[in-house]
Amino acid sequence: AMVAAKNMEKKIHDQLEESGASKHLRSTAFEMALFGTGVMKGPFAVDKEYPNWDDEGNYSPIFKTIASTSHVSVWNFFPDPDAANMDEAQFVIERHKMSRTQLRALKKRPYFRDNVIDEVIAEGENYDKKYWEDDLSDYAADYGVDRFEVLEYWGNCDVQMLLDNNVDIPKELEDQDELQTNIWICNGKLLRMVLNPFKPSTIPYMAAPYELNPYSFFGVGIAENMDDTQTLMNGFMRMAVDNAVLSGNLLIEVDETNLYPGKVFRRQGGAPGQAIFGTKFPNVSGENLQLFDKARQLADESTGMPSFAHGQTGVSGVGRTASGISMLMNAASGSIKTVVKNIDDYLLRPLGEGLFRFNMQFNFDKNIKGDLEVVARGTESLMANEVRSQRLMSFLQTASNPALAPFAKFNYIIREIAKSMDLDPDKVTNNMDEAMLQAELLKGFQGPPQAGGTPPQGQPPAGANPLDPTGSGGGNIGTGQAPIPGEQGFTGNDGQAGATANQAAGEQPQAPNPLQ
């Protein structure tokens with residue numbers, strides 16, 4: 001089961017990469033943070049074209065059916081208004097904005113009614129631009145929208161209505177009052193009506209809130225959380241700029257009682273009679289900026305995202321050291337963990353379950369089949385890989401103690417270290433059998449050196465004693481330690497020097513005469 005789960009996980013990762021799901025996930029995360037809710041759709045089976053040329057240079061593309069997911073803008077997503085989440089929603093409507101080419105492309109998809117699509121195109125474009133679209137486009141010039149408005153419905157529908165529209169219903173479902181369906185409508189005409197193709201029947205949309213609102217379908221985003229504090233920040237910054245404009249210029253003050261209209265009096269000295277004065281306006285921008293910083297701190301508290309988390313410099317106090325900033329980040333990660341948990345529960349887990357069901361139904365590879373459960377583990381990734389790697393390395397050093405080594409699973413530790421370094425453990429680590437074979441090979445490479453050969457690096461030459469203190473060709477470099485009287489090698493020892501000289505000359509040493 002573990003091997004099947006790992007193979008299924010790799011397969012799902014490949015499908016997400018192949019369908020370009022990363023850019024759709026980024027768009028979903030952006031709307032989730034900005035508006036409070038991000039919406040994903042899928043997975044659907046689509047035919048992807050892979051460019052290919054034959055040996056003669058003729059273009060011969062390869063078409064492959066892949067699982068595709070896409071992002072849905074929250075402005076085009078209309079869920080059941082009485083539902084608090086997607087599990088309670090009875091229906092969902094998505095609003096599409098399509099060109100003639102996109103509308104004609106629907107005819108290539110199954111169960112779309114070609115003649116109705118042709119009738120809709122013949123009647124002309126009918127897209128009605130909503131008021132919020134002007135705000136989203138920053139009041140761009142409107143040159144006329146030549147598009148079609150197509151509504152896609154997923155939800156329950158009466159069986160009788162399905163029969164009236166010539167929809168084939170399986171015999172085991174004929175006794176049902178309502179069934180899950182997918183309906184496409186454009187300009188009041190029915191483009192498609194089919195039973196929900198997913199097994200089990202589910203609405204293929206995932207709506208993830210940034211911060212859960214238990215009384216509404218849509219969540220609360222960062223912008224709504226910091227609305228009040230952002231208003232304060234704007235006010236203080238505007239006051240600081242206005243004051244800087246006044247204090248940075250020369251104000252001219254005129255005393256009209258000393259001015260005589262129509263006449264100019266020239267004088268040299270005499271009683272003072274100044275009429276024009278230069279006035280310096282007081283600069284209070286610093287106080288306003290201090291209030292701005294205070295409002296920014298309140299915004300950090302209201303959003304749960306401190307400024308140092310996104311690169312603020314000049315942090316003082318506890319945040320001056322690496323361990324201090326790590327403590328602050330861990331304390332601030334509480335609210336982020338809640339957000340990631342919402343992503344796990346409302347986006348990643350349903351998306352993973354959809355891809356799992358897709359592969360179980362349409363993929364015939366037995367290596368990925370199994371009785372598996374989809375678990376989203378996003379909160380586990382909040383612990384940085386560097387911290388996890390350091391903890392694993394520390395545990396590995398502790399387990400290297402011969403007394404503790406039998407209690408440690410080194411194979412698992414090595415694989416987890418490889419994972420924390422973003423490496424594929426199957427490619428960079430060996431299993432137990434491969435490890436034993438590798439150890440035998442390394443023993444062969446680390447055998448004793450041959451006679452006359454160079455000793456291995458880091459080992460002393462043959463015959464050398466690293467503990468020899470004399471410095472006479474041993475493992476030491478230099479003069480070594482001078483022998484003291486009575487120690488071997490000291491030239492003042494009685495008879496030792498003469499015996500050494502006689503041995504060097506090849507003579508037998510003579511015994512001392514006790515009578516002398």
Could you go step by step and tell me if Glu174 and Lys171 meet the salt bridge (Lys or Arg N to Asp or Glu O under 4.0 Å) rule?
CA-CA 5 Å; Glu174 289 180 351; Lys171 293 183 178 180; over 6 Å; no
Can you check side-chain hydrogen bond (donor to acceptor under 3.5 Å, both in side chains) on Glu123 and Asn187, steps first, answer last?
CA-CA 9 Å; Glu123 292 181 1; Asn187 203 12; 2.4 Å; yes
Run the ring pair (Phe, Tyr, Trp, His ring centres under 6.0 Å) test on Phe63 and Tyr50 for me, step by step, so that the C-alpha distance in whole Å, both residues' side-chain angles and the decisive distance to 0.1 Å come before the verdict.
CA-CA 6 Å; Phe63 290 93; Tyr50 292 86; 9.0 Å; no
For residues 106-115, dump all side-chain donor-acceptor pairs below 3.5 Å to protein atoms at least two apart in sequence or in another chain.
residue : atom : partner : partner atom : Å
Lys107  : NZ   : Asp118  : OD1          : 3.1
Arg113  : NH2  : Asn165  : O            : 3.1

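No donor-acceptor pair closer than 3.5 Å links the side chain of Thr202 to the backbone N or O of Phe198. Thr231 places a side-chain N or O within 3.5 Å of a backbone atom of Asp227 that can act as its donor or acceptor partner. Side-chain N or O atoms of Glu434 include one that pairs as donor or acceptor with a backbone N or O of Asn431 at under 3.5 Å. A donor-acceptor pair under 3.5 Å links the side-chain atoms of Glu88 to the main chain of Ala84, judged by distance alone. One N or O on the side chain of Ser302 and one on the backbone of Leu298 form a donor-acceptor pair closer than 3.5 Å.
The existence of a salt bridge linking Glu49 and Lys64 is excluded, since no basic side-chain nitrogen approaches an acidic carboxylate oxygen closer than 4.0 Å. Salt bridge Lys419/Asp424: absent, no basic N to carboxylate O contact under 4.0 Å.
Taken from CG in Leu355 to CD in Glu353, the straight-line distance is 10.5 Å, to the nearest 0.5 Å. Separating the CG atom in Asp47 from the OG1 atom in Thr65 is a distance of 4.0 Å, to the nearest 0.5 Å. Separation of atoms CG (Leu16) and OG (Ser68) is listed at 10.0 Å; rounding is to 0.5 Å. In this structure, CG in Leu25 is found 6.5 Å from CG in Leu347, a value given to the nearest 0.5 Å. Taking CG of Asn85 as the reference point, atom CZ of Phe218 lies at 12.5 Å (rounded to 0.5 Å). Summarising the geometry, atom CG belonging to Asn367 is positioned 10.5 Å from atom NZ belonging to Lys369; distances are rounded to the nearest 0.5 Å.
Taking the side-chain contact (heavy atoms from CB on, under 4.5 Å) definition, one finds that Asn76 meets it with Ser73, Arg95, sequence neighbours left out. Listed by chain and residue number, nothing satisfies the ring-ring contact (aromatic ring centres under 6.0 Å, His included) test with His24 (two or more places apart in sequence, or in another chain).
A side-chain N or O of His96 and one of Glu152 form a donor-acceptor pair less than 3.5 Å apart. Between the side chains of Tyr153 and Glu94, no donor-acceptor pair of N or O atoms lies under 3.5 Å. Counting only N and O atoms by type, the side chains of Gln15 and Asn359 include a donor and acceptor under 3.5 Å apart. For the residue pair Ser60 and Asp54, no side-chain donor N or O sits within less than 3.5 Å of a side-chain acceptor on the partner. Side-chain contact check for Gln297 and Asp293: no donor-acceptor pair (N or O, by modelled atom type) lies under 3.5 Å.
Annotation: Gln361, atom CD; neighbour count of heavy atoms from other residues, nucleotides and ligands within 6.0 Å is above 12. In the displayed structure, Lys48 atom NZ is contacted under 6.0 Å by more than 12 heavy atoms of other residues, nucleotides or ligands. For CG of Asp177, the number of neighbouring non-hydrogen atoms (other residues, nucleotides, ligands) closer than 6.0 Å is 12 at most. Remark: Phe30 CZ is loosely packed, at most 12 non-hydrogen atoms of other residues, nucleotides or ligands lying under 6.0 Å away. Heavy atoms from other residues, nucleotides or ligands lying under 6.0 Å from CE of Met393 number 12 at most. Counting heavy-atom neighbours within 6.0 Å of Phe407 CZ, excluding the residue itself, gives a total of 12 or less. At most 12 heavy atoms of other shown residues, nucleotides or ligands fall within 6.0 angstrom of atom CD in Glu17. Within a 6.0 Å sphere centred on CG of Asp365, heavy atoms belonging to other residues, nucleotides or ligands number more than 12.
Stacking of Lys97 on the aromatic ring of Phe148 is not recorded, the 6.0 Å distance cut-off and the 45° axial limit not both being met.
A ring-centre distance under 6.0 Å is not found for Tyr346 and Tyr210.
When each of Asn156, Asn196, Asp158, Ile169 is tested with Leu179 by the rule side chain to side chain contact (heavy atoms under 4.5 Å, CB included), just one qualifies, namely Ile169.
Here the side chains of Phe91 and Trp154 are not in contact, with every heavy-atom distance at 4.5 Å or above. Side-chain contact between Arg26 and His71 is absent, with no heavy-atom pair separated by less than 4.5 Å. Side-chain contact between Pro61 and Asn52 is absent, with no heavy-atom pair separated by less than 4.5 Å.
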